[in-house]
Amino acid sequence: MRRFLWPMLALFVSCCSTAPVTAAPLDTGGRMVAISLDDGPWSPGDRTGKLLDVLRDEGVVATFCLVGEMVDIPYGRSMVQRMQKEGHELCNHTYTHPILTQGNIARQIASTDAAIERALGVDNYKTVILRAPQGNTKYLRDKQCYGGRPFVGWGSHGDSDDYRFSGAHVLQVANRLPAGEILLLHDMHETPERLREIIHELKVRGMTFVHASALWVNPCGSHMANN
Ligand SMILES: [Zn+2]
């Protein structure tokens, strides 16, 4: 049942922003942006698979902040394998998407690492970055890092609010995204058509697309090896 509960719960608790973990962008003078897609993976046939098709066709990389129990669904594993193969960044977004606390964080992060490890068939795989559900780390002692890895949020102009607003609003946020910022989107709310439109608009503005970790100051002393 858990597998079927999560998508329903996600409708209510998944997204979205209170306040993101804050950090200054590394390079506001460049024309780089990052697209992050949270709360998947979803199925190959409609959601995630179609979004990956758009990214492939557009020659764009993105960052997928993965929920561990979604990775453990058989099609989830195949989606994670494809993400890695096609050069996207993987990000640990906890196992069941709770608000993180000192009591649950170790299990949430380790279980998701293990799920991604199983999906990729790689021992000791760890994502370079983490993202807290709702960007909320206020109950944690260290609000920026866990186990030497940074919690990566999104830009102050990068929250699309795609879980509650129309496509027009999401496009407006994407079209105004400043260089150097990370855009927050969600697998379950994004359509292939809109993602393509977002990418086209950003390309028209001369943006290039990088992993989220490339636009985040890492306060944890770890190496951002994905970039
Ligand atoms: Zn989320």
With a 4.5 Å limit on heavy-atom distance, are the side chains of [X] and [Y] in contact?
| X | Y | answer |
| --- | --- | --- |
| Thr96 | Asn104 | no |
| Pro133 | Gln108 | no |
| His186 | Leu37 | no |
| Leu184 | Arg131 | yes |
| Leu185 | Ile35 | yes |
| Leu100 | Tyr146 | no |
| Gln84 | Leu120 | yes |
| Val80 | Phe64 | no |

Check: [Y] main-chain N/O paired with [X] side-chain donor or acceptor under 3.5 Å:
| X | Y | answer |
| --- | --- | --- |
| Gln81 | Ala119 | yes |
| Thr137 | Lys143 | yes |
| Gln134 | Ile99 | no |
| Trp42 | Met70 | no |
| Asn218 | Ser213 | no |

Just to verify, what does Thr208 make a side-chain contact (heavy atoms from CB on, under 4.5 Å) with, not counting sequence neighbours?
Met32
Does this structure show an ion pair linking Asp53 with Lys50, if we count only N-O contacts that are shorter than 4.0 Å?
no
Can you list the residues that meet the side-chain hydrogen bond (donor to acceptor under 3.5 Å, both in side chains) rule with Thr63, with sequence neighbours excluded?
Glu89
Test of understanding: with side-chain hydrogen bond (donor to acceptor under 3.5 Å, both in side chains), list the residues that count as partners of Thr94, not counting sequence neighbours.
none
Any pair with a residue in [range] that passes salt bridge (charged side-chain N to carboxylate O under 4.0 Å, His left out), sequence neighbours left out, goes on the list, sorted by first then second residue, please.
| range | result |
| --- | --- |
| residues 90-99 | none |
| residues 200-210 | Glu58-Lys203 |
| residues 100-114 | Asp113-Arg149 |

Nearest-0.5 Å distance, [atom1] of residue [X] to [atom2] of residue [Y]:
| X | Y | atom1 | atom2 | answer |
| --- | --- | --- | --- | --- |
| Ile105 | Thr101 | CD1 | OG1 | 8.0 Å |
| Cys65 | His97 | SG | NE2 | 9.5 Å |
| Thr191 | Arg196 | OG1 | CZ | 10.5 Å |

If you count the non-hydrogen atoms of other residues, nucleotides and ligands that lie under 6.0 Å from CZ in Arg176, is the total more than 12?
no
